[in-house]
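Residue indices begin at 1 and follow the sequence shown. Quick caveat, the model's predicted, so the values are computed rather than measured.
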Amino acid sequence: MAIEDYENPHRVIKPKNRRIMGADGLEEEENHRWPAWLKPLLKEHFFVQCNVHSPKSECKMYCLDCANGSLCALCLAHHNNHRTIQIRRSSYHDVIRVNEIQKYLDIFGIQTYVINSAKVVFLNERPQPRPGKGVTNTCKVCYRGLVDDCFSFCSLGCKVAGTARSFEKRVKPTPMEPDNSSSNSSGVEDNIPNAQSLAPSTPHLPTSTSLRKRKRKGIPFQSPLQ
C-alpha cells in the first residue's frame with residue numbers, strides 16, 4: 001500500500017542558515033572593502049621634517065606596500081620596486097594626482113580639481129561652515145559644495161566614510177536667515193555691526209565759543225614822505 005505524502009502541520013520550520021554580523025564582523029568587512037594602506041594614508045601627516053635624514057628633507061612620499069609613515073626623497077632608497085605615491089599641497093590641504101591614485105584605487109564619485117594643469121583629488125574633507133549661495137550639489141558626508149553634479153564626495157576620506165554601513169548622516173547646515181545680525185551671501189557670519197552703526201554720523205559742529213577768532217588785518221600805515 002502506497003503511503004501518501006502529507007505535510008505535518010506541527011513540523012518546525014527552521015530558518016535558513018544566515019550569517020549574522022556583529023560589530024567585529026562589520027569592521028572586518030569594511031577593512032576588506034578598501035586596501036590596507038588607505039586608512040593609514042588618510043591619517044598620515046605629510047610635509048614634516050624627516051627624523052632620519054636632513055631636517056630640510058620634507059616627507060611627502062608614501063609607500064603603499066609598507067604603509068609605515070610618510071617618507072622623504074632619501075627614504076625611497078629603501079623602497080625599491082615598491083608602489084610609492086607623492087602627496088602634494090593645495091591651500092594647506094593634502095592632494096594627490098588622479099593619474100597616480102587611480103592605478104590603485106577606484107575614485108569614482110569623488111570631485112576632481114585642476115591644479116597646476118593636473119587633475120587632483122583631496123585626501124580628507126575640508127571644513128566649510130555653511131554651503132555657499134546657489135550650491136545645488138554637496139558632499140554626502142561633510143556637505144561641502146561640489147562643482148559638478150556627477151560627484152558625490154569631496155575627498156577620499158569622505159568616500160570611505162560615506163560608503164560604510166555604519167555611516168550616520170550629519171545634520172545638514174542651512175544658510176542663516178537675515179535678522180538683526182548681518183551675514184554674507186554664503187551664510188558665514190562676518191560679525192558686521194548693525195545698519196545704525198554703519199550709517200555715517202552727522203559731524204558735530206563746534207560752538208561759537210570754541211571757534212578760534214581771527215583778528216582782521218588792520219589798515220596798513222604808510223610812512224610819511226620825507
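Partners of Phe47 according to the ring-ring contact (aromatic ring centres under 6.0 Å, His included) rule, which considers only residues two or more places apart in sequence or in another chain, do not exist here. For His93, there are no ring-ring contact (aromatic ring centres under 6.0 Å, His included) partners at least two apart in sequence or on another chain. Applying the side chain to side chain contact (heavy atoms under 4.5 Å, CB included) rule to Leu74 yields the partners His53, Ser57, Cys72; only residues at least two apart in sequence or on another chain are considered. Scanning for side chain to side chain contact (heavy atoms under 4.5 Å, CB included) contacts around Ala67 gives Trp37, Tyr62, with sequence neighbours left out. Residues that satisfy the side chain to side chain contact (heavy atoms under 4.5 Å, CB included) test with Ser152, not counting sequence neighbours, are Lys140. Listed by chain and number, the residues in a side chain to side chain contact (heavy atoms under 4.5 Å, CB included) with Asn116 amount to none (sequence neighbours excluded).
Among residues at least two apart or in separate chains, salt bridge (charged side-chain N to carboxylate O under 4.0 Å, His left out) pairs with a member in residues 45-69 are Asp65-Arg83. Within the structure, salt bridge (charged side-chain N to carboxylate O under 4.0 Å, His left out) pairs that include any residue of residues 88-98 comprise Arg88-Glu100, Arg89-Asp94 (at least two apart or interchain). Sorted by first and then second residue, the salt bridge (charged side-chain N to carboxylate O under 4.0 Å, His left out) pairs with a member in residues 142-155 form an empty list; sequence neighbours excluded.
Gly145 and Val135 get closest at one heavy-atom pair: CA-CG1, 3.7 Å.
Contact check for His45 versus Ser70: no side-chain heavy atoms found under the 4.5 Å cut-off.
Grouping Ile, Leu, Val, Met, Phe, Trp and Tyr by side-chain contacts under 4.5 Å, direct or through others, puts Leu71 with Met61, Leu76. Applying the 4.5 Å side-chain rule to ILVMFWY residues, one finds Val95, Tyr113, Ile115, Phe122, Val147 in the same cluster as Val120.
Cluster annotation: Ile107 and Trp34 are assigned to the same hydrophobic cluster (Ile/Leu/Val/Met/Phe/Trp/Tyr, side-chain heavy-atom contacts under 4.5 Å, transitive).
For Lys159 (side chain) and Asp106 (main-chain N/O), a donor-acceptor pair under 3.5 Å exists by modelled atom type. Put simply, the side chain of Thr138 never gets that close to the backbone of Tyr143: no donor and acceptor are under 3.5 Å apart.
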